[in-house]
Engineer: 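Below is one structure. I have some questions about it.
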Number of protein chains: 2
Amino acid sequence: MMDRVRVVLSHTSHPGNIGAAARAMKTMGLRNLYLINPKHFPDPQANSLAAGADDILAQAVVCDSLDAALQDVVLTVGMTARLRDISLEVKTPRAAMPEVVQCAQHAPVALLFGTEMSGLSNEELMRAQVLINIPTNPDFSSLNVAAAVQVLCYELSVAAAAFQPAAVPEEARASHQQMEGYFAHLEQTLTEIDFFSSHNPGRMMQRLRRLYARARLETDEVHILRGILSVTRSYNARLRKRYQEEHGE
Amino acid sequence: MMDRVRVVLSHTSHPGNIGAAARAMKTMGLRNLYLINPKHFPDPQANSLAAGADDILAQAVVCDSLDAALQDVVLTVGMTARLRDISLEVKTPRAAMPEVVQCAQHAPVALLFGTEMSGLSNEELMRAQVLINIPTNPDFSSLNVAAAVQVLCYELSVAAAAFQPAAVPEEARASHQQMEGYFAHLEQTLTEIDFFSSHNPGRMMQRLRRLYARARLETDEVHILRGILSVTRSYNARLRKRYQEEHGE
C-alpha cells in the first residue's frame, strides 16, 4: 500500500528540505519521491539532511511538470496553509487519511506539497481532489515543508497501521490472593512499627489500597514489596533480640 | 493549557535542531523550551532554522541538570526509539496525549527528548512516568529530533482541540521534586535496614521507580509513603538507642 503513495514536491528552493523530506518519508515507510523542477537537485545538502535516506533521493523522479508527476495517479491530496481554499474540500490530515489508504490499495495516490514561500499555486491546487490543512497556531502558521511531509507521512502510517507495535506481552499481574497477602503483611508491619499510633488504621489502609490498586502490581513487584516488609521486620527482630539477650529477658 | 507544557531537549548537539524544534513548537502553539546542556546555544544556526520562532529561543531556559529542567513538573513523558524500554510503559503519541492534556490543565508537564545520537539515557528515562515511541519503519527508524518534536506537538495540539474535561477533578499530582524526595528517602531507608545486602541497589531502585511511576502518585500519597519511611527509621533509631543506652555505648 505505502508503495503506491508518492510524495510530490513542487519547485522546492532549498535542497536541505528535499533531503529532510526524504528522511521523514523513509522513517514512515514511504519511498516514492517526485520532484517538480527543484531549484537545486541533486545537491550535497540534500544528501546531508537525508541522513541515510539517500536511496530515496537516488530513486527520486525529477519531472518538468505537474502532469508528469501525477501520471496514473487516481487521488491527489494537496497541502494548503489556508483553511478555505478555492472552495475545494479542506480536511485535517486525520480526516483525509482513510481515503488515501483506501485508494492506495489499488492505484497510485499523490501527496502534493508546494514551495517554501508560497505553497501550491491555484493551478496546482485545482489538480487535487482533496486539500489538507495541518491546523497551526494562527499567529505562526509557518510550517517547514519537510515538517509538513513528516506530519502527513506520520498520519498516513498511523492510518495504515503500517508499523503497529506488536502487542507487548503483559507482565504477570498479581492475583487477588497475592494482593491481599501483601496488604495483610503491610498492615502487620505498620502495626509493629507503631505507625497506627498516629494514623487511623482503617482509613490509612484504604488510602494505601487505592494507591497500589492504581499501580496494577505485577507478581514480581508484590514479591519485592513483601521482601522490603520482611527485611524491615527481621531487622527490627534482630535489634529487639539483641536487646533482650543483653537483658536476659 | 499549552502554556503548561514544556519541551525539554537534553544535550542537543546541533543548534539547527534546536531552532527547528522551536519552529515546530511555535506552529503548534507551544512556547516553553528548556535546554539541558546544549552543545552550542545560542547559535546563529538555531535562529536561522527557527525561521521566525526566535522568541521561543530568546525565552528558552538553559539548565545544567534534568532536575532543574523538571522543576515542578507533575508528568514527564520521555521519547524512546525502542518499543520496550527498561520495562516502563511505552505508548504511541496518540494514546499518550489525553493524559498530557488532562495534567496540563493544572500543572506543568514535560515532553523530554534525548540526543541526536543516542536518545535519552537510562537515568533520564527513569525520571519519566510515561514513554512514547513514534512508530517507525523498522529498517530506518532514524527520526530527526526536531521532526519528533513536530510529531509530538502536532499530536498534542490535535488532542487539546478534542479535549473534554474529566467529570471528576484530578487530585494534586506529586511534582518531580516530591517524587525524587521520596525515592531518596526510600533508598536511605532500604540501605539502613540492610535490604541491599541481598539485592542490587541500582536494579532494585529502577524496579521501584517503575512501579511508582505507574501509580502516578498524588502529593498526599507521597506524604503517607514518606510517613511510613520516617516511622520505620525512628522505630529503628529508638530500638538502637535503647540498646546503646543499656550498654553505655
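Labels below follow one simple rule: chain letters A, B, ... track the order of the sequence lines, proteins then strands, and each chain is numbered from 1. Values below: every heavy atom of this structure, side chains too, minus hydrogens, waters and symmetry copies. Since the model is a prediction, treat every value here as computed from it, not as a measurement.
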Engineer: Residues of residues 16-27 of chain B under 4.5 Å from chain A (heavy atom pairs)?
Structural biologist: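 At a heavy-atom separation under 4.5 Å, chain A is reached by Arg23(B), Lys26(B), Thr27(B).
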Engineer: List the residues meeting side chain to side chain donor-acceptor pair (under 3.5 Å) with Arg4(A), not counting sequence neighbours, and say none if there are none.
Structural biologist: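 By the side chain to side chain donor-acceptor pair (under 3.5 Å) rule, Arg4(A) matches no residue at all.
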Engineer: Can you name the closest pair of heavy atoms from Pro135(B) and Ser157(A) and give their distance?
Structural biologist: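 Minimum heavy-atom separation between Pro135(B) and Ser157(A): O-OG, 4.4 Å.
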Engineer: Considering only heavy atoms, which portion of Arg238(B) lies under 4.5 Å from any heavy atom of chain A: side chain, backbone, both, or neither?
Structural biologist: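 Contact with chain A is through the side chain of Arg238(B) alone.
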Engineer: Taking side chain as everything from C-beta outward and backbone as N, CA, C, O, which of these in Leu225(A) sits under 4.5 Å from a heavy atom of chain B? Side chain, backbone, both or neither.
Structural biologist: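 For Leu225(A), the contact with chain B is made by the side chain alone.
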Engineer: If you count heavy-atom pairs within less than 4.5 Å of chain B, which of Asp194(A), Thr92(A), Val158(A) leads?
Structural biologist: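 Max contact count across the listed options: Val158(A).
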Engineer: Any luck finding a side-chain donor-acceptor pair between Tyr154(A) and Gln150(B) under 3.5 Å?
Structural biologist: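 Gln150(B) and Tyr154(A) do not have a side-chain donor-acceptor pair below 3.5 Å.
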Engineer: Where does Leu190(B) contact chain A at under 4.5 Å (heavy atoms): side chain, backbone, both or neither?
Structural biologist: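 Side chain only.
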Engineer: Let me see the working for Asn137(A) and Met28(B) under side-chain contact (heavy atoms from CB on, under 4.5 Å), right down to the final yes or no.
Structural biologist: CA-CA 5 Å; Asn137(A) 179 354; Met28(B) 296 297 140; over 6 Å; no
Engineer: Below 4.5 Å, heavy-atom pairs only: which of Val151(A), Leu49(A), Leu211(A), Thr136(A) has the largest tally toward chain B?
Structural biologist: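 Ranked by heavy-atom pairs under 4.5 Å with chain B, first place is Leu211(A).
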Engineer: Does the side chain of His199(A) come within less than 4.5 Å of Ile224(B)'s, by heavy atoms?
Structural biologist: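 No - every pair of side-chain heavy atoms lies 4.5 Å or more apart.
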Engineer: Give, as side chain, backbone, both or neither, the part of Met204(A) having an atom under 4.5 angstrom from any heavy atom of chain B.
Structural biologist: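 Just the side chain, heavy atoms under 4.5 Å.
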Engineer: Under a 4.5 Å cutoff for heavy-atom pairs, which residue among Phe140(A), Phe195(A), Tyr212(A) has the most contacts with chain B?
Structural biologist: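 Most heavy-atom pairs within the cutoff with chain B belong to Phe140(A).
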Engineer: Of all residues at least two apart in sequence or in a different chain, which pass the side chain to side chain contact (heavy atoms under 4.5 Å, CB included) check with Asn236(A)?
Structural biologist: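 Counting only residues at least two positions away or on another chain, Asn236(A) forms a side chain to side chain contact (heavy atoms under 4.5 Å, CB included) with Glu192(A), Ile193(A), Thr232(A), Arg240(A), Tyr235(B), Asn236(B), Leu239(B).
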Engineer: Chain B: which of Ala147(A), Ser142(A), Gly29(A) shares the most heavy-atom pairs with it under 4.5 Å?
Structural biologist: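 If we count pairs closer than 4.5 Å to chain B, Ser142(A) comes out on top.
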Engineer: By side chain to side chain donor-acceptor pair (under 3.5 Å), which residues pair with Glu221(A), not counting sequence neighbours?
Structural biologist: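 Checked Glu221(A) against side chain to side chain donor-acceptor pair (under 3.5 Å); matches are Arg210(B), Arg214(B).
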Engineer: Tell me if the CD atom of Gln206(A) is crowded by more than 12 foreign heavy atoms within 6.0 Å.
Structural biologist: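 12 or below, so no.
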Engineer: Looking at CD of Glu218(A) and CZ of Arg207(B), how far apart are the two atoms once the value is rounded to the nearest 0.5 Å?
Structural biologist: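 So the CD of Glu218(A) and the CZ of Arg207(B) are separated by 6.5 Å.
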Engineer: Under a 4.5 Å cutoff for heavy-atom pairs, which residue among Arg94(B), Arg216(B), Glu155(B), Met2(B) has the most contacts with chain A?
Structural biologist: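 Option with the top pair count is Arg94(B).
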Engineer: If you tally heavy-atom pairs under 4.5 Å against chain A, which of Ser230(B), Ser141(B), Gly52(B), Ala146(B) wins?
Structural biologist: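 Most heavy-atom pairs within the cutoff with chain A belong to Gly52(B).
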Engineer: Checking heavy atoms, do the side chain of Ile134(B), its backbone, both or neither come under 4.5 Å from chain A?
Structural biologist: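 Ile134(B) touches chain A through side-chain heavy atoms alone.
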